[in-house]
Q: 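Have a look at this one.
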Amino acid sequence: MPKEKLEYSQSRELSWLRFNQRVLHEAKDETVPLLERMKFVAIFTSNLDEFFMIRVGSLHDLMEAGKVTIDRKSGMTPNQELDAIYAYVAQLYKERDKTYGEIKKKLSPYGIMGLDMKELDQVEKKYVKKYFKDEIVPLLSPQIIDTSHPFPHLINKEIYIVANLKTEEKSLKGIVSVPQFISDVLYLPGDSMRYIRIEKIIMEYFELIFEQYEVSDKNYICVTRNADVAPEDEALADNEDFRFIMQKTLHKRRRMAAVRLEVFSPLCQELETYFCEKLQITPQCIFRTKMPVKLDYIFVIADKIPLSLKYHLIYKPFIPQPSVYESESSVIELIRKRDILLHYPYESMELFLRLIREASTNLDVLTIKITIYRLARQSRVIEYLCAAAENGKEVTVLIELRARFDEQNNIEWSKRLEESGCRVIYGMEGYKVHSKVCLITCRHKNEIQYITQVGTGNYNEKTARLYTDYSLMTAHKEIGADANLFFKNMAIGNLNGIYKHLFVAPFSLKTNIFKKIEDEIAKGSDGHVIMKMNSLTDIDFMDKIEEASIAGVKINLIVRGICCILPGLEGKTDHITVTSIVGRFLEHPRVYAFGTGVDRQIYIGSADMMTRNTDTRVEVTCPVLDPQLRKRLSDDLDLMLADNVKARVMDNQGIYSKIKKDGPIVNSQDMFMEMAMHAKPIKEPVEERGILVGFGRKLKKRLGERRR
């Protein structure tokens, strides 16, 4: 029999949809520049696409399996969850369409206008028609659908123009895909950013494509397919390389079952019935969208607008600042003297990149070992690793080929690394390696020394400018020994390693986190736990913090996305607060703090408190041992908890609301940027460390009683 629903939990899926709704609320915020607001609409849309491909796809798989399962967090069956999701999403579509329309209207006075064909003058219509004939028609692959021309496979997230066709003898369907190898929009002649989307052009001239037919009920559609392919479920032939299996998996993903159909205008009853039958979906899976199904071109427009408009329409540019530890001397020597903590994107990733580059040529460096989950399309990390191997260093790269939607990119990088002489391994069968660890081994003064880096985010130069993350670099001997053992265990397939300082999932992370919480439970009302993460779904963890709350422990959770625990329930979770920050940068760090004052212990790492992270992934969490860095992280957490601009607080029904501004206005991301720009370089000798030097005192005064 299935276990009963937890009293203090909520649906993971509905919690995620509420998170994405908070992203949409950023698009509605009139203090955000207009093009940035439109970007938030695009991010909301992209997030929703992935949600349908992965989460909704998984629920469809469970439903198709035929076994009745009840989710303990929601108390619902997969079918009930799907019904709830489709109903919630229908309302989100209306909210999104209205938000898009309002922003689009406000952009018009700036000359940024997405137009319909009827809004063009005669000269522009002539220009568009010529473009259609010269540039689009040669790329089209139109098709009729009848007994001799079967219904085609509709590719995931591609746009198709469809219509009913008729002759004197018969009725049939016509379909043509929007070419993938041309721009999503056509910019009209002139100085302004007036444009028309390609699917609108094709729909306008659909009759020219099917000129022998009478055309009716024109529409454009877009299918979303289940993309939740688990490579570990594939049959692993003895002689097959895992990279080859992943390539087959990516091909399979393109043909998975449909979970959503988006349409430009309401389908007539005939076409609705037709597509439901062909795609094996129900009418509730069909969503009308009054805005484009793809908004990637908004980011291109933001880059193309003239400088005179940028000040009004996009955020004031922020360049990640040099680390306060930057120097022209050896980075390795710098880390030997002190632990270093970088905070992206407020501080640049450059110091870490310099570390890898220096290690590639330093005569004392013997080996470089690193785990890779996601990389930029152009990666200096890869360049330096390849250079290191070519310079005779032993380079081991544990690259995860199953990083969802980055699989092909990682496959290509793995080939490049192997060609340069790096030793490439693919991780553990059945467990994704999601950790962010780099280990440099040196022979210094006739002894082996380690430089260890542990991060909360990927080694991706692009996202390091967009995501907030921490990166710790240390020469601590025992942490280095732990990291060395970790890489040895990964190479021999041993998940159950024993480490002195590192918490490593799937075996020791959760149990060690629980021990830290139990230490706080022993303190009763004097206990304090602060945990920042992306998502929280692990039931064991929820049980443990409920136990801590009942014991009187103060628990502050800063959870950007999914959070399945409901705070503020009397006698159960009334000492728990849940805060979510959605702002200019994507909040991404995982930081765990236990205790108060100088005795507070702080850990950073790669793991959220989700079952997939704690039980089915390889994750690494590392203590921050330097007292000044611990203080810096404590101050950072306090600042996030004091945010009353971009933060939202969850109530005991799972609903988020803005924080009442009963004190000074605090936008944590803005303040981190300001702090980084005012930080003073640290010089020898050091009395105080961290980017809060000088400015930190002003921060404390400004926060006053709001600091928690």
Side-chain angles (χ1 to χ4, degrees), residues 12 230-232 369-374 398-404 425-439 452-459 469-472 478-479 481-519 529 531-545 557 559-565 588-594 601-624:
R12 165 184 173 149
E232 57 268 27
K369 300 174 183 178
I370 191 169
T371 60
I372 288 177
Y373 195 72
R374 298 188 196 277
L398 196 166
I399 189 165
E400 181 53 74
L401 298 186
R402 295 163 295 185
R404 186 172 282 133
I425 56 179
Y426 301 134
M428 313 293 288
E429 184 178 340
Y431 295 85
K432 283 187 180 181
V433 179
H434 187 248
S435 52
K436 329 299 183 185
V437 185
C438 178
L439 177 69
T452 310
Q453 183 273 340
V454 178
T456 67
N458 298 300
Y459 301 108
D469 270 307
Y470 288 107
S471 175
L472 174 69
E478 292 177 348
I479 289 177
D482 271 3
N484 187 52
L485 179 59
F486 167 77
F487 279 105
K488 175 186 175 182
N489 285 333
M490 292 300 99
I492 64 175
N494 177 24
L495 288 170
N496 196 9
I498 298 174
Y499 306 93
K500 185 168 185 177
H501 293 282
L502 300 182
F503 299 168
V504 180
F507 283 99
S508 68
L509 188 146
K510 188 188 291 189
T511 55
N512 280 308
I513 292 290
F514 286 4
K515 287 177 183 177
K516 297 298 176 185
I517 296 174
E518 286 164 3
D519 289 342
V529 174
M531 300 188 73
K532 175 172 171 56
M533 63 195 85
N534 298 330
S535 297
L536 192 168
T537 66
D538 187 279
I539 288 179
D540 295 335
F541 176 76
M542 291 161 62
D543 285 341
K544 181 58 68 174
I545 59 173
L557 303 176
V559 186
R560 183 195 77 226
I562 303 167
C563 183
C564 289
I565 195 163
H588 197 252
R590 290 86 168 192
V591 184
Y592 306 145
F594 308 95
Q601 299 178 54
I602 297 183
Y603 294 76
I604 68 168
S606 57
D608 295 315
M609 288 295 106
M610 304 178 73
T611 304
R612 74 176 189 187
N613 298 89
T614 58
D615 293 352
T616 63
R617 285 187 175 183
V618 177
E619 307 276 10
V620 171
T621 296
C622 178
V624 179

Q: Taking all non-hydrogen atoms of both residues, which atom of L536 and which atom of F541 are closest, and how far apart?
A: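 So the minimum-distance heavy-atom pair works out to CD1-CE2, 3.5 Å.
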Q: I need the minimum non-hydrogen distance between S508 and L502, along with the two atoms involved.
A: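 In this case the closest contact between S508 and L502 is OG-O, 4.4 Å.
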Q: Any chance you could measure H501, atom NE2, to N512, atom CG, to the nearest 0.5 Å?
A: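 H501 atom NE2 to N512 atom CG measures 12.0 Å (nearest 0.5 Å).
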Q: From I539 CD1 over to I565 CD1, what is the distance, rounded to the nearest 0.5 angstrom?
A: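 Answer for the CD1-CD1 pair, I539 versus I565, is 11.0 Å.
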Q: Is there a side-chain contact between L439 and F487, using heavy atoms and a 4.5 Å cut-off?
A: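 The answer is yes; the side chains approach within 4.5 Å.
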Q: Do the non-hydrogen side-chain atoms of V618 and T371 ever get within less than 4.5 Å of each other?
A: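 No. Closest side-chain heavy atoms not under 4.5 Å.
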Q: Return the CG to OH distance between L401 and Y426, rounded to the nearest 0.5 Å.
A: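 Output value for this atom pair is 5.5 Å.
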Q: To the nearest 0.5 Å, how far apart are CG in D469 and CD1 in I604?
A: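 It is 9.0 Å, given to the nearest 0.5 Å.
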Q: As a quick check of understanding, evaluate side chain to side chain contact (heavy atoms under 4.5 Å, CB included) for Y373 and K432, giving each step before the final call.
A: CA-CA 9 Å; Y373 195 72; K432 283 187 180 181; 3.8 Å; yes
Q: Of the non-hydrogen atoms in P506 and D615, which two are nearest, and what is the gap between them?
A: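 Smallest heavy-atom distance, with atoms named: CB-O, 3.3 Å.
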Q: As a quick check of understanding, evaluate side chain to side chain contact (heavy atoms under 4.5 Å, CB included) for Y603 and I513, giving each step before the final call.
A: CA-CA 10 Å; Y603 294 76; I513 292 290; 5.7 Å; no
Q: By side chain to side chain donor-acceptor pair (under 3.5 Å), which residues pair with Y499, not counting sequence neighbours?
A: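 Counting only residues at least two positions away or on another chain, Y499 forms a side chain to side chain donor-acceptor pair (under 3.5 Å) with N489.
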Q: I602 and A593: which non-hydrogen atoms are nearest, and at how many Å?
A: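 Nearest pair, atom of I602 first, then A593: CG1-CB, 3.9 Å.
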Q: Can you tell me how far NE2 of H588 sits from CE of M533, rounded to the nearest 0.5 angstrom?
A: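 The NE2 atom of H588 is 13.0 Å from CE of M533, to the nearest 0.5 Å.
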Q: Look at atom CD1 of I498 and say whether more than 12 heavy atoms of other residues, nucleotides or ligands are closer to it than 6.0 Å.
A: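 No - once you tally the heavy atoms of other residues, nucleotides and ligands closer than 6.0 Å, there are 12 at most.
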Q: Consider salt bridge (Lys or Arg N to Asp or Glu O under 4.0 Å). Of R12, K510, R617, which one does D538 pass it with?
A: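 Exactly one candidate clears the test, K510.
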Q: Between the side chains of S471 and Q453, does any donor sit under 3.5 Å from an acceptor?
A: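 S471 vs Q453: donor-acceptor pair found between side chains.
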Q: If you apply the rule side chain to side chain contact (heavy atoms under 4.5 Å, CB included), what do you find for I545 with V529, and how did you get there?
A: CA-CA 9 Å; I545 59 173; V529 174; 5.7 Å; no
Q: Return the minimal non-hydrogen interatomic distance between T537 and C564, and the atom names on each side.
A: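 Answer, listing the atom of T537 first, then C564: CG2-SG, 3.9 Å.
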Q: Do T456 and K436 have side chains that get closer than 4.5 Å, going by heavy atoms?
A: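 Heavy-atom side-chain distance check fails, nothing below 4.5 Å.
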Q: Could you check whether any side-chain heavy atom of L557 comes within less than 4.5 Å of a side-chain heavy atom of K532, counting everything from C-beta outward?
A: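 When only atoms from C-beta onward are counted, K532 and L557 do not touch, as no gap falls below 4.5 Å.
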Q: Which heavy-atom pair separates S606 from S435 by the least distance, and what is that distance?
A: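 Minimum heavy-atom contact is OG-CA, 3.5 Å.
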Q: Could you give me the CA-CA distance, side-chain angles and deciding distance for V620 and F503, then say whether side chain to side chain contact (heavy atoms under 4.5 Å, CB included) is met?
A: CA-CA 6 Å; V620 171; F503 299 168; over 6 Å; no
Q: If I take atom NZ from residue K369 and atom CE from residue M490, how far apart are they, to the nearest 0.5 angstrom?
A: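 One finds 12.0 Å between NZ of K369 and CE of M490.
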Q: Between M609 and L509, is any pair of side-chain heavy atoms under 4.5 Å apart?
A: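 Yes, at least one pair of side-chain atoms sits under 4.5 Å.
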Q: Quick check against the 3.5 Å criterion: does E400 have a side-chain atom that pairs as donor or acceptor with the backbone of V433?
A: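 Here the side-chain-to-backbone pair exists.
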Q: Are K544 and F514 in a cation-pi contact, defined as NZ or CZ under 6.0 Å from the six-membered ring centre and within 45° of the axis?
A: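 Pair K544/F514 counts as cation-pi.
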Q: Excluding sequence neighbours, so at least two apart, what forms salt bridge (charged side-chain N to carboxylate O under 4.0 Å, His left out) with D608?
A: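 If we apply the salt bridge (charged side-chain N to carboxylate O under 4.0 Å, His left out) test to D608, skipping adjacent residues, the hits are R590.
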